[in-house]
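Shown next, in structure tokens, is the structure this report addresses.
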Amino acid sequence: MQPGSTGKNRDHQLVLGSRKNLDLTGVKQVESFDSEEFLLETDMGFLSIRGHNLQMKNLDVEEGKVSIQGRIDDLVYLDQHHGEKSKGLFGKLFK
């Protein structure tokens, strides 16, 4: 996160078009990604995006914007309030 953006509250939105184009705002960090899954930290918690042939088409870290293309199959917010943060996050990802 940028030093000047720590107090900045961005609007978190998802816009999904035809299950092929996903535009997100309010993204703090891209934790990991490959052609089948993206893990993003957003202003509303961690978000897992699963699908096929996923590609990042746009990334603007300062504005917190990400665009993903490919076949989107699943969008899941991971609840990090139960148990330890990292164990709960990775435990849910690798069931």
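Sequential numbering from 1 along the given sequence is applied to the chain's residues. Here the structure is a predicted model, which means the values were calculated and not measured.
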How far does [atom1] of [X] sit from [atom2] of [Y], to the nearest 0.5 angstrom?
X: Leu39; Y: Ser48; atom1: CG; atom2: OG; value: 6.5 Å
X: Ile72; Y: Leu54; atom1: CD1; atom2: CG; value: 5.0 Å
X: Lys57; Y: Gln69; atom1: NZ; atom2: CD; value: 5.0 Å
X: Leu47; Y: Leu78; atom1: CG; atom2: CG; value: 7.5 Å
X: Leu24; Y: Asp43; atom1: CG; atom2: CG; value: 11.5 Å
X: Phe46; Y: Lys28; atom1: CZ; atom2: NZ; value: 8.5 Å

(request) Walk me through it: do Ile49 and Leu22 pass the test side chain to side chain contact (heavy atoms under 4.5 Å, CB included)? (result) CA-CA 10 Å; Ile49 301 160; Leu22 179 62; 3.7 Å; yes

(message) Using side chain to side chain donor-acceptor pair (under 3.5 Å), reason through Gln55 and Ser35 one step at a time and then give a plain yes or no.
(response) CA-CA 6 Å; Gln55 301 174 25; Ser35 65; over 6 Å; no

(message) Are there over 12 heavy-atom neighbours, none belonging to Met44, within less than 6.0 Å of that residue's CE?
(response)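 Counting neighbours around CE of Met44, 12 or fewer heavy atoms of other residues, nucleotides or ligands fall under 6.0 Å, so no.
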
(message) Heavy-atom count check: over 12 atoms from other residues, nucleotides or ligands less than 6.0 Å from Asp34 CG?
(response)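 Above 12, so yes.
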
(request) Run the numbers on His52 and Asp73 for side chain to side chain contact (heavy atoms under 4.5 Å, CB included), then give the verdict. (result) CA-CA 8 Å; His52 296 285; Asp73 293 330; 3.2 Å; yes

(request) Look at the rings of Phe38 and Phe33 and say which category their plane angle falls in: under 30° parallel, 30 to 60° tilted, over 60° perpendicular. (result)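 Ring orientation of Phe38 relative to Phe33: parallel.
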
(message) Using a 3.5 Å distance criterion without hydrogens, assess whether the side chain of Thr25 forms a donor-acceptor pair with backbone atoms of Gln13.
(response)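 Indeed, once roles are kept as given, a pair shorter than 3.5 Å links the two residues.
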
(message) side chain to side chain contact (heavy atoms under 4.5 Å, CB included), that's the test. Do Val61 and Val30 meet it? Break it down for me.
(response) CA-CA 9 Å; Val61 177; Val30 177; over 6 Å; no

(request) Using the side chain to side chain contact (heavy atoms under 4.5 Å, CB included) rule, take Arg71 and Arg19 through it: C-alpha gap first, then chi angles, then the decisive distance, then the call. (result) CA-CA 6 Å; Arg71 191 181 92 201; Arg19 286 183 62 183; 4.3 Å; yes

